[in-house]
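Only a predicted model underlies this, so the values are computations on that prediction, with no experimental measurement involved. Both backbone and side-chain heavy atoms feed into the values below; hydrogens, waters and symmetry mates do not.
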Amino acid sequence: MTNLEKYNKAFMEIFEITEERTKGLKYQDIEAWDSVGHMELIAALEETFDIMIDTDDIIDFNSYEKGKEILAKEDYGVKF
């Protein structure tokens with residue numbers, strides 16, 4: 001499974017959405033992506049990629065696309 005597939009899977013499982021719905025998704029666009037859902041997503045991504053996401057990055061993680069950008073940073077090294 002590619003890193004993109006793993007990333008998408010986390011969104012789909014946590015928010016119970018289709019892969020098509022992930023594109024363009026932003027924080028609070030759907031009911032499931034509230035503050036609790038946000039932390040569930042972060043925990044799932046940390047476990048999936050065996051990383052620890054910094055608090056500033058957790059706060060900045062406000063969309064599907066921004067999340068990919070954050071995880072691709074040198075600090076985390078997730079290649080998409």
Residue pair Val78, Lys68: steps toward the side chain to side chain contact (heavy atoms under 4.5 Å, CB included) verdict: CA-CA 8 Å; Val78 178; Lys68 284 179 23 182; over 6 Å; no
Rounded distance (nearest 0.5 Å) linking atom CG of Asp57 with atom CD1 of Ile70: 5.0 Å
Cluster overlap Leu25 with Tyr27, hydrophobic side-chain contacts below 4.5 Å: yes
Between OH on residue Tyr64 and NZ on residue Lys23, distance to nearest 0.5 Å: 4.0 Å
Test item: Thr48 and Lys9 side chains (from C-beta on) under 4.5 Å apart, heavy atoms: no
Between CG on residue Asn8 and OG1 on residue Thr22, distance to nearest 0.5 Å: 4.5 Å
Single-linkage hydrophobic cluster, 4.5 Å side-chain cutoff, Met39 and Met12 together: no
Straight-line distance of Trp33 CH2 to Ile17 CD1, nearest 0.5 Å: 8.5 Å
Donor-acceptor contact present, side-chain Asn3 to main-chain Lys79, <3.5 Å: yes
Residue pair Asp54 / Tyr76: nearest heavy atoms and the distance that separates them: N-OH, 2.9 Å
Spacing of Tyr7 atom OH and Glu19 atom CD [to the nearest 0.5 Å]: 12.0 Å
Heavy atoms of other groups near Glu65 CD, more than 12 under 6.0 Å: yes
Test side chain to side chain contact (heavy atoms under 4.5 Å, CB included) applied to Glu16 and Ile30, step by step: CA-CA 10 Å; Glu16 298 179 354; Ile30 57 175; over 6 Å; no
Interatomic spacing from CD in Glu40 to CG in Leu45 - rounded to 0.5 Å: 12.0 Å
Phe80 vs Thr2 side-chain heavy atoms within contact, under 4.5 Å: no
Heavy-atom donor-acceptor pair, Glu13 side chain to Ala10 backbone, under 3.5 Å: no
Heavy-atom neighbours of Glu47 CD exceed 12 at 6.0 Å: no
Any donor-acceptor pair under 3.5 Å from His38 side chain to Ile58 backbone: yes
Side-chain ion pair, Glu69 and Lys66, N-O less than 4.0 Å: yes
